[in-house]
Engineer: 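Please see the structure below; I have some questions.
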Amino acid sequence: MSSPDPEALRHHLYMEFPGFPHSHVSPWPAEEHAKFFPSFPSMPEYLSRFDMLLAEDTAWLVRKMEAPTPLTRDEQMTHCKDAGQCPVIDSPGRGLCPGMNGQVEVEDRCLEQVHTLVLEEVLKDIETACKLLNITPDPAEWTSGQVQKWLLWTEHLYRLPPVGRAFQDLSGSELCMLSEDDFRQRTSQCGDVLHAHLDIWKSAAWMKERCSSESNHTFLGADEVCTEADSSCTGQPIHLWQFLRELLLKPHNYGRSIRWLNKEKGIFKIEDSAHVAKLWGIRKNRPAMNYDKLSRSIRQYYKKGIIKKPDVSQRLVYQFVHPV
DNA sequence: CATGAGGATGGGT
DNA sequence: ACCCATCCTCATG
């Protein structure tokens with residue numbers, strides 16, 4: 001029995017759910033948590049409400065891998081109920097979920113692999129967000145301005161209700177000291193969700209710290225997380241075209257707002273112009289940014305040969321002149 | 001009414 | 001000098 005092909009699994013996690021995440025948070029029972037994060041018993045309870053795609057997916061992975069699980073989660077949003085929709089899991093001859101006794105070791109290996117992938121993807125997402133926001137991964141290091149930036153970003157990315165001035169003038173370390181109840185009290189709703197997101201960041205920073213202090217690169221190659229050679233670390237302000245590229249690189253986070261129509265040719269479509277403009281405005285500290293102004297900046301690229309309209313011009317569709 | 005092209009101006013680096 | 005951000009006019013569907 002072969003273990004699951006990580007590439008296939010990654011492909012599945014990313015590509016089968018282009019519309020991820022927005023909107024739903026599902027409880028993640030503590031026992032599930034312990035299964036998925038056995039190496040990190042001290043990770044706080046945030047993972048118990050891990051409202052990211054990977055948790056959504058791993059939730060049904062668990063169901064598939066174990067005997068039917070009495071999960072009380074709302075099944076409405078579960079993307080994959082019948083076998084036909086689970087290409088990776090149900091590939092014949094590739095038993096990720098053998099569904100019979102005596103396969104415990106294989107299942108443990110699968111779980112370990114999923115576990116590693118989950119952490120890998122979470123850390124990558126955080127790295128991307130850091131690039132886009134120009135902040136450090138460790139929330140404790142944030143200034144109050146960076147705290148505001150992160151709040152705005154998170155609230156827009158996950159379409160949470162605005163927090164307004166609930167956390168105004170708080171430094172990162174002060175923010176990190178707040179309990180989930182503090183978050184709930186300071187916000188009208190979804191304070192727990194926000195707290196969960198912050199907890200994910202906190203523990204990612206904690207893990208990164210731990211990994212580096214043990215010079216242990218189990219989860220990420222040094223080139224994936226520790227590189228200083230990209231746009232975020234040069235001190236130069238990020239360019240709009242770079243920003244758009246970064247969003248496009250994370251379809252499972254931003255695919256609802258901007259996505260490739262033809263990655264090879266560099267053709268992309270802005271699906272939610274207001275949202276993309278908002279994110280750009282947060283990045284540049286331009287609260288009044290809108291698509292009118294963003295698109296004017298894109299049009300400046302015509303003359304520079306960075307972005308053009310595709311040969312068959314369509315609304316909200318642009319093309320990188322030099323695709324990757 | 002949202003989008004699109006592009007001129008003008010001014011700010012920040 | 002460069003990269004927008006802002007504002008504006010006119011055109012298009």
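Lettering of chains follows the sequences in order, A, B, ..., and the numbering in each one begins at 1. Because the structure is a prediction, the values reported are computed rather than measured.
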Engineer: Both A/Ser273 and A/Lys303 contact DNA chain B. Which one's nearest nucleotide lies toward the 5' end?
Structural biologist: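 Comparing both residues, the 5'-ward one is A/Ser273.
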Engineer: What closest approach, in Å, do A/Lys309 and A/Leu316 show between heavy atoms, and which atom pair accounts for it?
Structural biologist: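 Nearest heavy atoms, A/Lys309 then A/Leu316: NZ-N, 4.0 Å.
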Engineer: Determine the contact category for A/Arg299: base if any of its heavy atoms lies under 4.0 Å from a base atom, sugar-phosphate if only primed atoms, P, OP1 or OP2 are that close, otherwise nothing.
Structural biologist: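 The residue A/Arg299 makes base contact.
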Engineer: Whole angstrom is fine here: how far is it from CG in A/Asn290 over to C1' in C/dC4?
Structural biologist: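 These atoms are roughly 14 Å apart.
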Engineer: Taking the six-membered ring for Trp and the full ring for Phe, Tyr or His, determine whether the centres of A/Trp142 and A/Trp201 are under 6.0 Å apart.
Structural biologist: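 Ring-ring flag for A/Trp142/A/Trp201: true, centres closer than 6.0 Å.
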Engineer: Salt bridge or not between A/Asp272 and A/Arg159? Use side-chain N to carboxylate O under 4.0 Å.
Structural biologist: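 Salt bridge: yes.
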Engineer: Once you apply a heavy-atom cut-off of 4.0 Å, does A/Lys284 come out as touching a base, just sugar-phosphate, or nothing?
Structural biologist: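 Answer is sugar-phosphate: A/Lys284 comes under 4.0 Å of backbone atoms only.
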Engineer: Mind checking if A/Leu294 touches a base, just sugar-phosphate, or nothing, with heavy atoms under 4.0 Å?
Structural biologist: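 Answer is nothing: A/Leu294 stays at 4.0 Å or more from every strand.
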Engineer: Would you kindly give the CG-to-P distance between A/Leu240 and C/dA5, to the nearest whole Å?
Structural biologist: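 About 7 Å, once rounded to whole Å.
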Engineer: Given that A/Arg315 and A/Ala288 both sit by DNA chain C, which one's nearest nucleotide is further toward the 5' end?
Structural biologist: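 So the residue in question is A/Ala288.
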Engineer: What do you reckon, are the aromatic ring centroids of A/Trp241 and A/Phe320 less than 6.0 Å apart?
Structural biologist: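 For A/Trp241 and A/Phe320, the ring centres are not under 6.0 Å apart.
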Engineer: Rounded off to whole Å, could you give me the CG-to-C1' distance for the A/Asn285 and C/dC4 pair?
Structural biologist: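 One finds 14 Å between C1' of C/dC4 and CG of A/Asn285, rounded.
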Engineer: Five pairs at each end of the helix from B/dC1-C/dG13 to B/dT13-C/dA1: take the axis at both ends and give me the angle between them to 10°.
Structural biologist: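 Inter-axis angle at the termini of the helix from B/dC1-C/dG13 to B/dT13-C/dA1: 20°.
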Engineer: First and last nucleotide of DNA chain B touching chain A, 5' to 3', heavy-atom cut-off 4.0 Å?
Structural biologist: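 Taking any atom under 4.0 Å from a heavy atom of chain A, the span is B/dA2 to B/dG7.
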Engineer: Report the distance from atom CD1 of A/Ile238 to atom P of C/dC4, rounded to the nearest whole Å.
Structural biologist: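 In whole Å, C/dC4 P and A/Ile238 CD1 are 10 Å from each other.
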Engineer: Is A/Lys250 salt-bridged to A/Glu246, cutoff N-O under 4.0 Å?
Structural biologist: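 A/Glu246 and A/Lys250: not salt-bridged.
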Engineer: To the side chain of A/Gln300, which of C/dC3, C/dC4, C/dT6 is closest?
Structural biologist: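 For A/Gln300, the side-chain atoms sit closest to C/dC4.
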Engineer: Give a yes/no on whether any side-chain N or O of A/Lys304 is located under 4.0 angstrom from OP1 or OP2 of C/dC3.
Structural biologist: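 Answer yes for this pair, as a side-chain N or O of A/Lys304 is under 4.0 Å from OP1 or OP2.
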Engineer: Pick the closest DNA chain B nucleotide for A/Arg296 and for A/Arg286 by heavy atoms, then say which residue is nearer the 5' end.
Structural biologist: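 So the residue in question is A/Arg296.
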Engineer: Is there side-chain contact between A/Asn253 and A/Thr128, with heavy atoms separated by less than 4.5 Å?
Structural biologist: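 No, side chains not in contact.
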Engineer: Assign A/Phe243 to base, sugar-phosphate, or nothing according to its heavy-atom contacts below 4.0 angstrom with the strands shown.
Structural biologist: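 Nothing, no heavy atom under 4.0 Å.
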Engineer: Please determine whether a side-chain nitrogen or oxygen atom of A/Trp280 lies at a distance below 4.0 Å from atom OP1 or OP2 of C/dC4.
Structural biologist: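 No, because none of the side-chain N or O atoms of A/Trp280 sits under 4.0 Å from OP1 or OP2 of C/dC4.
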Engineer: Does any non-hydrogen side-chain atom of A/Tyr318 lie less than 4.5 Å from one of A/Ile298?
Structural biologist: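 In short, these two side chains touch, coming nearer than 4.5 Å.
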Engineer: Salt bridge or not for A/Glu271 and A/Arg259, using N-O below 4.0 Å?
Structural biologist: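 A/Arg259 and A/Glu271: salt-bridged.
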Engineer: Can you confirm whether the side chains of A/Ser179 and A/Asp182 place a donor and an acceptor under 3.5 Å from each other?
Structural biologist: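 Indeed, the side chains of A/Ser179 and A/Asp182 share at least one donor-acceptor pair under 3.5 Å.
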Engineer: A/Gln242 has an atom CD; how far is it from atom C1' of C/dC2, in whole Å?
Structural biologist: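 So the two atoms are 14 Å apart, to the nearest Å.
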Engineer: State plainly whether the residues A/Lys208 and A/Glu127 are in salt-bridge range, i.e. N to O under 4.0 Å.
Structural biologist: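 Looking at A/Glu127 together with A/Lys208, the answer is yes, because their closest N to O distance falls below 4.0 Å.
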